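Working notes, beginning with the structure itself.
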Amino acid sequence: MESSHLRQQIAAMRQSFFDEEILDGQFCQLERLENRGNPNFVEEVLTMYFRDSTTLLQTVEQEIETDTIDLAKVDMMLHKFKGSSASIGANKVRNNITKTRQLLEEGNLEGAKLAFRELRMEHDNLRAKLEPYFQQQLRQVGPVETATRPKGSDHA
Amino acid sequence: MNSSSGKTYMSTSNCSTGRKAGDAAAAAADQFPVGLRVLVVDDDPTCLMILEKMLRTCLYEVTKCNRAETALSMLRENKSGFDVVISDVHMPDMDGFKLLEHIGLEMDLPVIMMSADDGKHVVMKGVTHGACDYLIKPVRIEALKNIWQHVVRKRKNEWKDFEQSGSVEEGDRQLKQSEEADYSSSANEGNWKSSKRRKDDEDETDERDDTSSLKKPRVVWSVELHQQFVAAVNQLGIDKAVPKKILELMNVPGLTRENVASHLQKYRLYLRRLSGVSQHPSNLNNSFMSPQEATFGPLSSLNGLDLQTLAATGQLPAQSLVTLQAAGLGQSTGKSGIPMPLVDQRNIFSFENPKIRFREGQQHVNNNKQMNLLHGIPTTMEPKQLAGLHHGAQSMGNLNMQVASHGSQSSQNNPLLMQMAQPQVRGQMLNDTSLGHAPRLLAPMGQPILSNGVAANVSTRNGIQENIRAPSYNPVSQTSSMLNFPMNHASELPRNSFPLGSTPGISSLTPKVAFQEDVNSDIKGSVGFLPSYDIFNDLNQHKPQNWELQNVGMTFDTSQHSNSLQGNLNHAHSVLVQQGFSSGQVNGQNRSATVVSKAMFSSGDSTGHVNAQNGNQHLNSLLVDSTVRVKSETPTNLYPDDFGQEDLMSALLKQQDAMAPAEHEFDFDGYSLDNIPV
């Protein structure tokens with residue numbers, strides 16, 4: 001049945017996230033927060049996350065490419081990014097942030113730039129993986145919703 | 001007379017009920033921690049969203065905020081609207097630790113810090129700034145599930161302090177429990193009001209049914225009662241005044257010989273102190289003695305402590321204070337021939353302070369403490385001041401006595417003292433009052449504001465003088481002169497950033513310096529705000545305000561604020577004290593006290609916002625709310641008085657018992673929704 005196949009697909013995708021360690025247990029925490037009243041909670045959170053992270057990464061990138069880097073500002077932004085990434089369970093992204101920050105703190109600017117690029121990559125990778133995952137979920141949810149259409153709607 | 005109807009302070013408790021319907025509160029109390037009102041502050045929207053969801057899943061009532069300033073104003077507007085605050089450390093508009101300090105000072109709510117940083121120094125910073133807990137991001141729902149413990153713990157601590165301060169009294173009270181009913185119609189509004197109030201409180205705090213179980217009748221030595229007492233003593237002659245005869249002379253229904261005896265004991269100690277015993281070892285006292293000395297602060301701090309103790313024991317209703325003071329003023333000569341020089345006033349400070357110290361360890365030693373305090377009373381008052389003080393001293397003496405007699409219930413006493421002092425029109429009174437207040441403030445750290453009366457004084461400083469003055473005499477002008485005298489030293493007080501606007505230098509006086517040193521440690525134990533709270537209630541309609549003060553002070557302790565914070569308290573106290581005098585209003589006191597306390601804290605902060613000035617009223621409400629809030633999950637006036645504490649205690653205990661089942665509820669039943677599409 002398509003539904004179950006889809007479900008299996010989604011499950012597999014999900015599992016791969018954990019296997020690849022791009023997501024960690026915190027993601028499960030988010031999932032648990034979802035319920036009937038809030039079925040798309042995880043997706044909403046991730047949407048919000050990516051919206052902010054994209055902007056943030058752009059800003060940081062610009063900043064570290066300049067000659068006069070405002071280290072404090074960059075660190076502050078990365079710290080904030082770390083918090084949100086950790087909160088959604090973005091494991092690899094978070095680790096990369098830590099690495100970048102550390103290098104910056106050590107004064108290793110070149111190393112930090114490299115680390116940042118890596119961070120950016122991980123971030124984009126995560127997004128690329130999660131998008132289809134949620135899309136699949138939407139597909140799966142579709143038929144369910146149809147089935148549960150309220151009876152009242154039949155009466156005009 | 002200021003004797004406001006018993007309802008006065010009762011009503012304050014009403015206003016502290018910031019929660020929604022009492023029913024809801026009651027229900028919530030049973031289901032605690034369900035419905036716990038959490039304010040979560042984080043500038044990151046993703047984290048905020050997740051936290052909110054998690055907290056909702058825990059069945060808490062969540063309010064989210066992405067800016068610290070917004071959160072702070074939200075808290076200020078609705079002092080008792082929240083039970084706990086969760087805040088991120090790094091925020092753009094304000095440092096999380098700063099917010100933590102503000103909340104601790106103004107509202108005394110448990111604050112949980114959060115950060116993605118798990119570095120030891122950051123966590124340590126959280127601890128030193130008084131955070132109840134520190135969560136590392138990513139925050140798991142399990143961690144949030146248990147945040148209610150901080151609310152309970154805080155209340156419990158406050159309770160405990162309160163209890164300690166009130167322990168001495170309790171013994172007496174219990175005896176009179178049966179007589180309480182008879183007292184209700186007594187003319188001594190203050191005294192029996194407390195017991196009545198308790199009942200009312202209990203009703204009001206139905207929501208917190210856990211706290212209402214305790215009923216401890218207490219004899220509140222109202223101003224009127226004390227006046228009667230002093231009159232009787234004078235009539236008999238201080239040497240010949242025996243409890244039995246005093247009791248007969250007083251002819252107060254419901255008053256027992258034991259009540260009189262303990263009160264007499266305290267009074268005697270007080271008198272001894274007034275007569276300039278300088279054996280008091282406390283430097284504070286000495287320093288206090290010489291107004292010109294900067295040490296004023298230390299003394300006051302000491303006194304403040306004592307006052308607290310005294311106040312706590314005395315539970316003098318505001319009215320009483322006023323009455324007392326009035327009486328004192330009027331009978332400056334009539335009273336026992338104790339010369340009440342300024343020293344007396346100071347004594348109060350010193351009186352208070354040392355007491356506070358004692359309080360820490362020995363609540364039962366109220367009397368002893370008083371002695372010490374009195375000893376330290378400087379007699380260096382200037383002649384004219386002395387004269388003024390005399391009157392004031394008299395009344396203050398009464399106040400002190402009253403306070404002292406009540407033992408360690410500093411909180412209660414303090415307010416009384418303060419109040420008593422305040423009504424004194426004379427500047428002296430102010431001094432006294434301030435003494436009382438100041439100590440109080442300082443002492444319990446948490447109870448800074450107990451001296452609601454003081455607050456009134458203080459607020460006058462801030463400009464609320466109008467308010468304050470209204471009810472009572474307006475010793476302001478007088479007091480200023482009086483106060484000035486101690487105030488000279490005010491400048492010395494280092495920390496008083498408090499805008500001593502109205503009263504010259506008074507605020508800075510004393511408490512600050514001394515206090516910090518002594519009070520800091522002393523205050524810890526003195527959480528007896530609660531008792532004073534009662535007093536305040538009587539005095540001021542803003543009972544809740546007192547609470548806040550109290551709480552504030554308490555928070556201080558519990559949160560282990562850095563010395564600077566404590567110092568602030570001290571400042572506040574001193575400021576309050578002084579302020580209080582000028583206003584001389586009992587009722588206003590609470591208000592001012594609140595303000596002051598706020599100011600105090602503000603001053604404590606580097607920002608030095610002197611909310612007191614403008615926010616006196618605000619402070620009061622804040623204070624009240626915060627205190628209330630802290631006390632229980634329900635914003636209702638938390639323990640307006642000692643009783644409240646006990647109730648709280650029981651409430652807490654009950655809650656704890658009830659926690660178990662609640663725990664299960666939280667076992668994330670919500671989690672069981674496993675609709676994960678996967």
Side-chain angles (χ1 to χ4, degrees), chain A residues 6-15 24-42 44-53 56 75-91 94 97-98 101 133-134 136-141 144, chain B residues 40-60 62 64 66-67 86-96 113-119 121-122 134-145 666-678:
Chain A
L6 191 58
R7 232 174 291 153
Q8 275 171 18
Q9 216 180 0
I10 292 172
M13 282 171 85
R14 181 176 172 275
Q15 191 53 42
D24 61 21
Q26 183 66 15
F27 188 75
C28 300
Q29 290 255 328
L30 292 194
E31 288 174 326
R32 278 190 235 143
L33 290 175
E34 256 183 9
N35 53 26
R36 246 172 236 118
N38 205 197
N40 301 318
F41 176 69
V42 181
E44 283 167 24
V45 172
L46 287 173
T47 307
M48 192 177 281
Y49 168 74
F50 282 116
R51 185 187 67 198
D52 290 341
S53 65
L56 187 141
D75 186 66
M76 185 80 164
M77 296 179 81
L78 287 178
H79 171 84
K80 187 175 155 181
F81 188 36
K82 181 181 173 188
S84 56
S85 304
S87 298
I88 65 158
N91 188 43
R94 183 192 54 199
I97 296 172
T98 307
R101 279 178 88 200
Y133 172 70
F134 284 107
Q136 296 283 49
Q137 286 196 14
L138 275 174
R139 280 182 59 194
Q140 190 197 34
V141 168
V144 174
Chain B
V40 57
V41 190
D42 193 332
D43 65 320
D44 184 61
T46 308
C47 295
L48 203 59
M49 191 177 185
I50 296 172
L51 284 167
E52 186 193 14
K53 190 76 171 88
M54 284 181 172
L55 290 164
R56 290 249 157 85
T57 306
C58 294
L59 302 182
Y60 293 153
V62 189
K64 59 179 183 187
N66 66 348
R67 284 178 57 83
I86 303 179
S87 170
D88 188 45
V89 167
H90 294 96
M91 285 186 289
D93 62 333
M94 187 194 288
D95 181 38
M113 300 305 292
M114 259 189 324
S115 178
D117 244 342
D118 58 352
H121 73 283
V122 183
Y134 192 100
L135 304 176
I136 310 286
K137 287 184 181 175
V139 177
R140 296 170 60 83
I141 193 166
E142 287 83 15
L144 295 177
K145 200 162 72 141
F666 277 138
D667 233 22
F668 289 99
D669 291 336
Y671 262 9
S672 55
L673 311 174
D674 232 346
N675 308 4
I676 303 174
V678 178

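Quantities reported herein were computed from a predicted structural model and do not represent experimental measurements. Convention: sequence-line order gives letters A, B, ...; per-chain numbering from 1.
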Partner chain B: residue of A:Q9, A:Q26, A:M13 with the largest heavy-atom pair count (under 4.5 Å):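 Answer, by heavy-atom pair count under 4.5 Å with chain B: A:Q26.
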Residue among A:H79, A:K80, A:R51 with most heavy-atom pairs under 4.5 Å to chain B: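 Max contact count across the listed options: A:H79.
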Chain A contact residues among residues 45-52 of chain B, heavy-atom distance under 4.5 Å: B:P45, B:T46, B:C47, B:M49, B:I50
Atom group of A:Q15 that falls short of 4.5 Å from chain B, counting heavy atoms: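 It is neither, since no heavy atom gets under 4.5 Å.
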Residue A:N38 versus chain B: region with a heavy atom under 4.5 Å: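 Just the side chain, heavy atoms under 4.5 Å.
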Should [X] and [Y] count as side-chain neighbours, where that means a heavy-atom distance under 4.5 Å?
{"X": "B:H90", "Y": "A:M76", "answer": "yes"}
{"X": "A:L30", "Y": "B:K53", "answer": "no"}
{"X": "B:V89", "Y": "B:Y134", "answer": "yes"}
{"X": "A:F134", "Y": "A:N40", "answer": "no"}
{"X": "A:F81", "Y": "A:D52", "answer": "no"}

Result of checking B:D117, B:D118, B:D88 against B:K137 for side-chain hydrogen bond (donor to acceptor under 3.5 Å, both in side chains): B:D88
For B:V41 against B:M114, the heavy-atom pair lying closest together: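 Scanning both residues, the minimum pair turns out to be O-CE, 4.2 Å.
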Shortest non-hydrogen contact between B:D42 and B:D44, atoms and distance: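 Closest approach of B:D42 to B:D44: OD1-N, 2.9 Å.
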